[in-house]
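Only this structure's heavy atoms are used, side chains among them; waters, hydrogens and symmetry mates stay out.
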Amino acid sequence: MKKEKISVSMIVKNESSNIRRSLDSVKGADEIICVDTGSQDDTVDIVKEYTDKVYYGEEYLWRD
């Protein structure tokens, strides 16, 4: 039987005060994917400590 994988995806922005706690709560997942929509704090740097699947930059900015 094939083992199911658990993936966690998050859309984040300026969450440096909360992101560590959130990522710690899902660290047992097979993969964590974060899309940062324009943080101006150190959210992206913190996320990079947990996963290399962090997407940020001009093309990911939140647009209403």
Side-chain angles (χ1 to χ4, degrees):
M1 182 190 285
K2 187 175 178 180
K3 182 181 180 250
E4 298 293 323
K5 288 189 172 187
I6 297 175
S7 298
V8 174
S9 60
M10 302 171 133
I11 299 172
V12 298
K13 182 177 180 183
N14 294 327
E15 292 293 337
S16 63
S17 63
N18 300 308
I19 196 69
R20 224 178 267 285
R21 186 174 62 237
S22 297
L23 291 168
D24 282 339
S25 74
V26 297
K27 65 183 172 188
D30 295 300
E31 72 176 347
I32 300 171
I33 304 162
C34 284
V35 177
D36 183 90
T37 60
S39 289
Q40 296 182 351
D41 60 8
D42 60 347
T43 297
V44 171
D45 294 328
I46 295 169
V47 172
K48 285 180 178 180
E49 295 174 21
Y50 291 81
T51 182
D52 60 346
K53 295 179 180 177
V54 56
Y55 302 92
Y56 59 97
E58 184 70 29
E59 68 242 48
Y60 299 102
L61 293 179
W62 190 268
R63 292 172 176 79
D64 290 330

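- Considering all non-hydrogen atoms of both residues, T43 and S16 come closest at OG1-N, 3.1 Å.
- Scanning both residues, S22 and S25, for their nearest heavy atoms gives O-OG, 2.6 Å.
- To the nearest 0.5 Å, atoms OH (Y50) and CG (L23) are separated by 6.0 Å.
- The shortest non-hydrogen separation linking Y55 to I33 is CE1-CG2, 3.8 Å.
- Contact of the C34 side chain with the D36 side chain is not registered, since no non-hydrogen atoms from C-beta on lie closer than 4.5 Å.
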Distance-only donor-acceptor pairs under 3.5 Å for side chains of residues 3-13, two or more places apart:
unit_1	atom_1	unit_2	atom_2	d
S7	OG	E31	OE2	2.6

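- Taking every heavy atom of both residues into account, E15 and D41 meet most closely at N-OD2, 3.4 Å.
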### Message
The test is salt bridge (charged side-chain N to carboxylate O under 4.0 Å, His left out); show your working for K27 and E49 and say whether it passes.
### Response
CA-CA 11 Å; K27 65 183 172 188; E49 295 174 21; over 6 Å; no
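- Contact record, V54 with K48: CG1-CG, 3.6 Å, taken as the closest heavy-atom pair.
- Side chain of S39 to main chain of N14: a donor-acceptor pair is present (N/O by atom type, distance under 3.5 Å, no hydrogens or angles).
- The side chain to side chain contact (heavy atoms under 4.5 Å, CB included) test with Y56 singles out one residue from V35, L61, V44, and that residue is V44.
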